[in-house]
Amino acid sequence: MAETGPLTPRRSPLAHLADRMRAAAVTGARGVTLTELPFLTMVNVRVDPASEAAGRVEAALGAPLPRRCGDTTASGPRTVLWLGPDEWLVLSPSDEAAALREALGPDPGSVVDVSANRTTLELSGPSARQVLEKGCPLDLHPRAFGPGRAVSTTVGPVAVLLWQADDAPTYRLLPRSSFADHLGRWLVDAMGEFSGPQVP
């Protein structure tokens, strides 16, 4: 039997940019920070929202499945994002797939762990919205987009799920892992102007 060497430590899609993101942080009234939240569990759920299976999935989640575009629901550390009329993304720090597959049972639908498909960037601080507005077509003013809202959009040239987690404001951006480097560099560049004095 061949000997096996030590396992290579797991590396997040943006580990190589961690120092650069830290260095780009701005404090004070125009503050903004950017960090990666790696290795969150992401589970894609497809089920008829009117079915008994959906009720069992909701019981397993401890939260209702959101019913409208842009809506989210939460239970403890778990957040459920609406992706379509019969599709949701469950975000959690722990594995949820097995319990959700059991809840779905033999009924039509699917539960798929897609954690490796995306990573999560957290952009936070008084200037976070202005940074995003440089390259996001959405109206991010609080009258139109606030805490608990999550939609598919673009930031710069990168497609993301954009979720506003609180009114700090803190935004969580979920790009495909293969585009995370480009988005991280774009955001670091967009943050640059806030380190200097505000131009009247």
Side-chain angles (χ1 to χ4, degrees), residues 7-18 21 34-49 51 53-123 132 136 138 148-165 170-187:
L7 294 176
T8 302
R10 192 175 180 192
R11 190 168 171 84
S12 72
L14 287 173
H16 63 289
L17 286 184
M21 290 191 293
L34 178 65
T35 56
E36 183 185 21
L37 305 178
F39 311 132
L40 288 179
T41 297
M42 302 184 192
V43 179
N44 184 275
V45 176
R46 301 288 305 258
V47 66
D48 178 350
S51 67
R56 295 194 302 270
V57 167
E58 289 177 325
L61 289 170
L65 295 168
R67 294 297 199 262
R68 296 180 307 170
C69 177
D71 283 357
T72 65
T73 56
S75 174
R78 213 179 276 122
T79 301
V80 186
L81 281 60
W82 186 96
L83 296 182
D86 66 350
E87 184 175 11
W88 297 267
L89 186 67
V90 179
L91 306 178
S92 173
S94 59
D95 186 11
E96 303 285 342
L100 293 175
R101 282 192 198 102
E102 184 177 347
L104 180 64
D107 290 11
S110 66
V111 173
V112 180
D113 189 319
V114 294
S115 305
N117 194 21
R118 299 178 187 270
T119 191
T120 304
L121 283 159
E122 185 172 271
L123 185 73
L132 288 178
C136 181
L138 292 180
R149 302 290 291 164
V151 296
S152 294
T153 185
T154 55
V155 174
V158 178
V160 300
L161 282 172
L162 177 63
W163 165 33
Q164 185 172 339
T170 299
Y171 299 94
R172 293 190 178 164
L173 299 87
L174 285 69
R176 304 287 184 190
S177 294
S178 55
F179 292 100
D181 175 84
H182 191 97
L183 178 62
R185 292 176 190 274
W186 188 93
L187 289 167

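Only heavy atoms go into these numbers, but all of them, side chains included; no hydrogens, no water, no symmetry mates.
- A heavy-atom distance below 4.5 Å is not found between the side chains of Met42 and Asn117.
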Yes or no on side chain to side chain contact (heavy atoms under 4.5 Å, CB included) for Asp48 and Asp86, after CA distance, side-chain angles and deciding distance? CA-CA 6 Å; Asp48 178 350; Asp86 66 350; 5.9 Å; no
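- Between the CG atom in Leu100 and the CD atom in Glu58 there is a gap of 11.5 Å [rounded to 0.5 Å].
- The backbone N or O of Pro49 lies less than 3.5 Å from a partner atom in the side chain of Arg67, making a donor-acceptor pair.
- In this structure, CG in Asn44 is found 11.5 Å from CG in Leu81, a value given to the nearest 0.5 Å.
- Between Leu83 and Leu161 the shortest side-chain heavy-atom distance falls below 4.5 Å.
- To the nearest 0.5 angstrom, Arg185 atom CZ is 4.5 Å from Leu17 atom CG.
- Between Trp163 and Tyr171 the shortest side-chain heavy-atom distance does not fall below 4.5 Å.
- Contact annotation: the side chain of Val111 never approaches that of Glu96 to less than 4.5 Å [non-hydrogen atoms, C-beta and beyond].
- Counting heavy atoms from C-beta on, the side chains of Val114 and Leu89 come closer than 4.5 Å.
- Residues Thr119 and Pro13 approach most closely at CB-CG, 3.9 Å, considering heavy atoms.
- To the nearest 0.5 angstrom, Thr153 atom OG1 is 3.5 Å from Leu138 atom CG.
- The shortest non-hydrogen separation linking Arg78 to Gly62 is NH1-N, 4.5 Å.
- Val47 approaches Ser51 most closely through the heavy-atom pair CG2-OG, 3.7 Å.
- Between Leu123 and Leu173 there is a side-chain heavy-atom pair separated by less than 4.5 Å.
- Although no hydrogens or angles enter the test, the distance criterion places a donor-acceptor pair under 3.5 Å between the side chain of Ser12 and the main chain of Ala15.
- Looking at Thr170, its side chain never comes within 3.5 Å of a backbone N or O of Glu122 through a donor-acceptor pair.
- Exactly one residue among Leu162, Val155, Leu183, Asp181 makes a side-chain contact (heavy atoms from CB on, under 4.5 Å) with Pro175. That residue is Leu183.
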Step-by-step side chain to side chain contact (heavy atoms under 4.5 Å, CB included) determination, Trp82 to Cys69: CA-CA 6 Å; Trp82 186 96; Cys69 177; 3.5 Å; yes
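- Using a 4.5 Å cut-off on side-chain heavy atoms (C-beta onward), Leu65 and Thr73 make no contact.
- Nearest heavy atoms, Leu121 versus Met21: CD2-SD, 4.0 Å.
- Evaluated for a side-chain contact (heavy atoms from CB on, under 4.5 Å) with Arg172, the options Leu91, Thr79, Leu37 yield exactly one hit, Leu37.
- Between the Thr72 side chain and the Arg149 main chain, no donor and acceptor come within less than 3.5 Å of each other.
- Two residues are said to be in side-chain contact when any heavy atoms from C-beta on lie closer than 4.5 Å; Pro157 and Trp186 meet this criterion.
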